[in-house]
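First the structure, in the form of structure tokens, and then the observations on it.
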Number of protein chains: 2
Amino acid sequence: MTQSNETTSYRDIKETVLARIRSGEWQPDSLLPNEQDLAVEFSCTRTTVNRAMRELADEGFLERRRKAGTRVLSAPQRQARFTIPKVRDEVEALGGIYRYALVSSVAERAPDWLCARLALKPDQHVMHVRCMHFNGNTPFQYEDRWIVIDSVPEVVNADFASIGPNEWLIQTVPFTNVELSFLASRADDSVAAFLDLPIGEPVFTGERITWLEGEPVTFAKMYFAAGYRMTTQF
Amino acid sequence: MTQSNETTSYRDIKETVLARIRSGEWQPDSLLPNEQDLAVEFSCTRTTVNRAMRELADEGFLERRRKAGTRVLSAPQRQARFTIPKVRDEVEALGGIYRYALVSSVAERAPDWLCARLALKPDQHVMHVRCMHFNGNTPFQYEDRWIVIDSVPEVVNADFASIGPNEWLIQTVPFTNVELSFLASRADDSVAAFLDLPIGEPVFTGERITWLEGEPVTFAKMYFAAGYRMTTQF
DNA sequence: CAGTGGTCTAGACCACGAG
DNA sequence: TCGTGGTCTAGACCACTGA
């Protein structure tokens with residue numbers, strides 16, 4: 001009990017509401033009493049009821065609309081929250097020792113497919129950085145990344161031998177918008193070599209595009225070693 | 001402006017705080033003024049400041065501790081929220097026409113690997129359901145699922161020819177705990193045939209384990225058709 | 001111990017949107 | 001139009017935890 005004894009907290013209300021939904025007392029799609037009535041029932045203020053119901057709606061159990069009232073969602077829109085850790089943290093969470101290694105870092109004209117992907121002008125230049133992340137001496141992730149020089153001019157002076165491009169970017173342009181995708185790809189000869197896999201092996205792959213105030217900053221492909229799985233509970 | 005003119009809303013405060021972090025005015029790891037002081041600065045009550053800061057902490061930008069105060073997280077723990085839609089919704093969101101087809105549905109003794117995975121007793125029985133989800137006539141997802149009969153006895157009477165096992169389960173035991181994983185697997189001959197792929201092709205694969213009040217309910221493997229990617233923005 | 005965030009109250013005004 | 005949720009105020013007590 002977070003609050004002192006015998007008060008009804010918003011947590012209590014959340015529990016009670018969930019229990020009623022689970023028990024079938026409040027059927028999917030059914031309309032719930034309004035906040036004022038619930039406040040009376042729970043002997044608390046409408047503010048407290050409001051917080052409880054608002055959070056339940058955020059969590060995907062309820063749908064609330066002014067005037068229409070609050071309904072139980074028939075198919076709860078449960079959302080999985082995946083925390084996207086930095087590779088270093090991910091390795092260390094596994095109890096491993098993180099090691100980073102730069103493979104190559106070159107400034108080059110942005111390839112056509114990247115221009116299309118990031119809406120770059122045809123003559124824009126990018127820093128192409130390839131690197132490896134190890135768990136001890138085991139390959140953990142191979143990263144292939146392009147950083148738009150016009151958007152982050154300091155990148156030409158970055159020392160990617162000593163710091164990974166992701167960590168460098170987080171320090172340099174911390175607050176960005178991100179589009180993140182996951183897919184299964186096939187190991188080409190390069191990926192296979194870096195991850196110590198047979199060519200053609202399925203590889204769990206992430207793609208991340210990052211913008212800062214609408215300007216494209218970076219495109220990254222992250223190839224995970226065999227057996228990797230991304231897991232969450234909810 | 002959600003509130004009437006000239007009041008400071010919790011949204012305004014959130015924006016201002018984020019802007020200060022972005023601009024570097026509030027550096028990572030630095031301590032922010034306490035709520036009371038911010039309330040004075042923003043000419044509003046502490047309640048309003050509290051809501052703004054609480055939400056920013058929920059969203060992974062700040063860390064708050066009683067007595068210690070509120071700090072800017074150096075590596076924002078941005079969390080990707082993936083909405084896990086029902087297959088039907090996912091297909092329809094693509095503008096496609098959803099079609100479901102049952103492949104097989106048999107009650108059987110739980111295989112050993114499943115007993116281990118779900119902590120079943122060796123003699124427990126499961127309903128093994130295999131089915132296909134199509135976008136029009138294109139394979140979209142092949143689903144291989146086991147449902148624990150002791151946990152959901154009604155399953156023996158379910159008509160999986162007319163309703164998918166996931167939709168049936170949502171109707172029957174709506175509120176559950178879930179562990180969800182994604183990985184890249186290799187198409188075996190069966191998966192390859194159902195998804196119309198060459199054998200050995202990489203397949204984006206989901207695994208879902210569901211419990212109800214601690215009792216294991218179901219284990220499902222979901223194999224997605226070629227080219228599938230799971231995407232989110234944040 | 002004392003400062004900070006966590007939460008509740010009692011009341012108010014308002015925006016939205018269904019009927 | 002008018003009921004419902006969205007938000008803010010002003011004030012209070014308390015839980016947690018760092019020093």
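We name chains A, B, ... by the order of the sequence lines, and we start the count at 1 in each one.
Between the CZ atom of B/R71 and the C1' atom of C/dG5 there is a distance of 14 Å, given to the nearest Å. Distance CG (B/D37) to C1' (C/dT4): 11 Å, rounded to an integer number of Å. For B/E63 and C/dG5, the CD to C1' distance is 13 Å, given to the nearest whole Å. For A/L62 and D/dT4, the CG to P distance is 16 Å, given to the nearest whole Å. Atom C1' of nucleotide C/dA18 and atom CG of A/N34 are separated by 15 Å, given to the nearest angstrom. Taking atom CG of residue B/L38 and atom P of nucleotide D/dC8, one finds them 15 Å apart after rounding to whole Å. Atom CD in B/Q36 sits roughly 11 Å away from atom C1' in D/dG11 (whole-Å rounding).
In the set C/dG3, C/dA18, D/dG18, C/dG3 carries the atom at the smallest distance from any side-chain atom of B/R66. Distance from the side chain of A/S9 is smallest to C/dT7 among C/dG3, C/dT7, D/dG3. Each of C/dT4, C/dT7, D/dG6 was ranked by its minimum atom distance to the side chain of A/E35; first place goes to D/dG6.
For the pair A/R51 and A/Y10, the distance from NZ or CZ to the six-membered ring centre is under 6.0 Å and the angle to the ring normal is within 45 degrees.
Remark: A/R20 engages A/E41 in a salt bridge, criterion side-chain N to carboxylate O under 4.0 Å. With respect to the salt-bridge test (charged N to carboxylate O, under 4.0 angstrom), the residues B/R117 and B/E207 qualify.
OP1 or OP2 of D/dG6 sits under 4.0 Å from a side-chain N or O of A/R64. The shortest distance between the side-chain N/O atoms of A/R65 and the OP1/OP2 oxygens of D/dG6 is not below 4.0 Å. Residue A/Y10 places at least one side-chain N or O closer than 4.0 Å to OP1 or OP2 of C/dT7.
Checked against the 6.0 Å centroid threshold, B/F182 and B/F204 count as a close aromatic pair.
Of the residues in residues 39-57 of chain A, those with a non-hydrogen atom less than 4.0 angstrom from any atom of DNA chain D are A/R46, A/N50.
No hydrogens or angles considered: a donor-acceptor pair under 3.5 Å links the side chains of A/T218 and A/R145. A donor-acceptor contact closer than 3.5 angstrom is absent between the side chains of B/N50 and B/T47.
Applying the side-chain hydrogen bond (donor to acceptor under 3.5 Å, both in side chains) criterion to B/T138, with sequence neighbours excluded, gives no partner residue.
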